[in-house]
Amino acid sequence: MAYDRIVIVLAVIQIRRIRTEMYMYDSIIFDLDGTLWDSTNEVAIAFNKVLEEKYPEVTDEVTGDILKGLFGRPLDEIAIKLYRSVSEEHAIKVMEDCCVYECKYLAEHGANLYAGVENILKELHKSYKLFIVSNCQEGYIQCFFQAHPQLEKYFIDYEYPGRTGKSKAENIRRVIERNQLKAPIYVGDTQGDANAAKEAGIPFIYARYGFGKVEEYLRYVDSFSELPDIIK
């Protein structure tokens, strides 16, 4: 009987060791734009509607491709770079109005989820705690969930500067601290994401299928469906 107990204890220890080796991380924090979905074409439609109806003095072109090169930055910076035909102060005001309508439009119409997102989140949710930290305004992550309500159940928490007024790195830290995460990893698609993860002190996986170019990363994926194998 004693021998049998020893065998059982050793088996349990071995199982725990294998599980530890299989899962180096306890949680995954995702960027949103360029990582979980591509909303640039829909956002361009929303922005252009606001410009046409309220701001004819703004003559800058707004397209999905142009927005791809700007998403991931703080909103004020996007405004100044996007609306060059008006003053910086006015550009920021225009962006505020555009973002209000943008959330309403996306909540109703949704946007392009990357291939496999729903199935892979369902799979990852079984082994990891999932979160979102995005450089976005109030209501943007919420409209993501409104448009795609089947995804909300996979995420425990999220954070963004529209609520905190803080940088992406600080918002990553907030999610880590309030959820008591021990070994999180960040998944994003821009150099700003990589910089924020580094500043927050956590590893970064580069979503190479997204919008940006990143110089330094732990691993990369060329599709969302590659994540489970890369993170193990």
Side-chain angles (χ1 to χ4, degrees), residues 25-40 43 46-47 67 70-83 88-89 91-107 111 121 125 128-149 151-207 210-212 214 217:
Y25 309 104
D26 67 346
S27 50
I28 308 168
I29 306 173
F30 292 96
D31 175 47
L32 181 48
D33 293 310
T35 302
L36 296 176
W37 74 352
D38 177 358
S39 67
T40 51
V43 171
F47 281 15
L67 292 174
L70 296 173
F71 271 24
R73 304 166 185 259
L75 282 172
D76 286 359
E77 185 178 336
I78 293 176
I80 291 167
K81 290 183 177 296
L82 185 61
Y83 301 134
E88 293 185 359
E89 182 179 359
I92 292 170
K93 173 62 173 66
V94 172
M95 179 60 75
E96 290 173 356
D97 283 354
C98 285
C99 285
V100 171
Y101 181 67
E102 167 195 25
C103 288
K104 294 178 181 178
Y105 186 89
L106 289 175
L121 287 175
H125 179 256
Y128 307 95
K129 298 175 182 178
L130 306 183
F131 306 86
I132 296 175
V133 172
S134 174
N135 267 345
C136 62
Q137 73 274 20
E138 180 64 47
Y140 188 77
I141 296 176
Q142 291 89 335
C143 78
F144 169 72
F145 289 136
Q146 285 180 270
H148 304 285
L151 302 183
E152 186 170 8
K153 61 181 175 289
Y154 299 122
F155 294 94
I156 295 173
D157 193 8
Y158 53 84
E159 197 54 274
Y160 52 95
R163 178 160 65 185
T164 67
K166 302 296 183 180
S167 68
K168 177 168 278 190
E170 178 58 32
N171 286 328
I172 290 173
R173 290 193 195 99
R174 288 187 175 212
V175 166
I176 292 171
E177 290 169 4
R178 72 174 172 240
N179 293 282
Q180 299 181 330
L181 307 183
K182 303 301 181 184
I185 193 165
Y186 191 83
V187 181
D189 67 303
T190 68
Q191 188 60 49
D193 292 334
N195 294 342
K198 185 175 183 179
E199 186 179 340
I202 65 173
F204 175 73
I205 290 182
Y206 173 28
F211 303 154
V214 177
Y217 46 85

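Counting from 1, the numbers follow the sequence of the chain as shown. Since the structure is predicted, the reported quantities are computational estimates derived from the model, not experimental observations.
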Let's go through K129 and D157 carefully: what are the C-alpha distance in whole Å and the side-chain angles of both, what is the deciding distance for salt bridge (Lys or Arg N to Asp or Glu O under 4.0 Å) to 0.1 Å, and is it a yes or a no? CA-CA 9 Å; K129 298 175 182 178; D157 193 8; over 6 Å; no

(Q) With side-chain contact (heavy atoms from CB on, under 4.5 Å) as the criterion, how do L32 and Y160 come out once you've worked through the C-alpha distance, each side chain's angles and the decisive distance to 0.1 Å? (A) CA-CA 11 Å; L32 181 48; Y160 52 95; over 6 Å; no

Salt bridge (Lys or Arg N to Asp or Glu O under 4.0 Å) between E96 and K93, worked out: CA-CA 5 Å; E96 290 173 356; K93 173 62 173 66; 5.4 Å; no

- Task: May I have the step-by-step check of side-chain contact (heavy atoms from CB on, under 4.5 Å) for V133 and K168, ending in yes or no?
- Result: CA-CA 7 Å; V133 172; K168 177 168 278 190; 4.0 Å; yes

If you apply the rule side-chain contact (heavy atoms from CB on, under 4.5 Å), what do you find for T40 with D33, and how did you get there? CA-CA 8 Å; T40 51; D33 293 310; over 6 Å; no

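Checked by atom type, the side-chain pair E152/Y158 shows no donor-acceptor distance below 3.5 Å. Counting only N and O atoms by type, the side chains of Q191 and N195 include a donor and acceptor under 3.5 Å apart.
Across every non-hydrogen atom of A46 and E102, the tightest pair is CB-CA, 3.9 Å. Across all non-hydrogen atoms, the minimal contact from N171 to P161 is ND2-N, 3.4 Å. Scanning all heavy atoms of the two residues, the minimum distance from C103 to Q137 falls at SG-NE2, 3.4 Å. Between P184 and P203, the shortest heavy-atom distance links the atoms O-CD, 3.4 Å.
The distance from atom CZ of F131 to atom CD1 of I156, rounded to the nearest 0.5 Å, is 4.0 Å. Separation of atoms NZ (K198) and CD1 (I172) is listed at 14.0 Å; rounding is to 0.5 Å. Here the straight-line distance linking atom CD of E199 with atom CD of E170 works out to 8.5 Å at 0.5 Å rounding. Rounded to the nearest 0.5 angstrom, I141 CD1 and S134 OG are separated by 5.0 Å. Taking CD of Q142 as the reference point, atom SG of C136 lies at 7.5 Å (rounded to 0.5 Å). Annotation: the span from F30 atom CZ to L36 atom CG amounts to 6.0 Å, rounded to 0.5 Å.
Within a 6.0 Å radius of CD in E88, no more than 12 heavy atoms belonging to other residues, nucleotides or ligands are found.
Side-chain contact between I80 and I92 is present, with heavy atoms from C-beta onward closer than 4.5 Å. Residues Y128 and I185 form no side-chain contact, since every pair of their non-hydrogen atoms from C-beta on lies 4.5 Å or further apart. Residues L75 and C99 form a side-chain contact, since some pair of their non-hydrogen atoms from C-beta on lies under 4.5 Å apart. Using a 4.5 Å heavy-atom threshold, the side chains of L106 and S39 count as touching.
By the 30° and 60° cut-offs, the orientation of the rings of F155 relative to F144 is perpendicular. In this structure, F204 and Y206 have parallel ring planes: the angle between them is below the 30° cut-off, well short of the 60° mark. Ring-plane geometry between Y140 and W37 is classed as perpendicular, the angle between the planes exceeding 60 degrees on a 0 to 90 degree scale with a lower cut at 30.
Each of K166, R174, R178 was evaluated against E159; a single residue qualifies, R178, per the salt bridge (charged side-chain N to carboxylate O under 4.0 Å, His left out) test. Tested against Y186 for a side chain to side chain contact (heavy atoms under 4.5 Å, CB included), the candidates D31, I176, I205, T35 yield a single pass: D31.
Here the side chain of D38 pairs no donor or acceptor atom with the backbone of G34 at under 3.5 angstrom. Listed for the D189 side chain is no donor-acceptor partner under 3.5 Å among the backbone atoms of A207. A distance-only check finds a donor-acceptor pair linking the side chain of D26 to the backbone of A183 [under 3.5 Å]. Without hydrogens or angle criteria, D193 side chain to T190 main chain gives a donor-acceptor distance under 3.5 Å.
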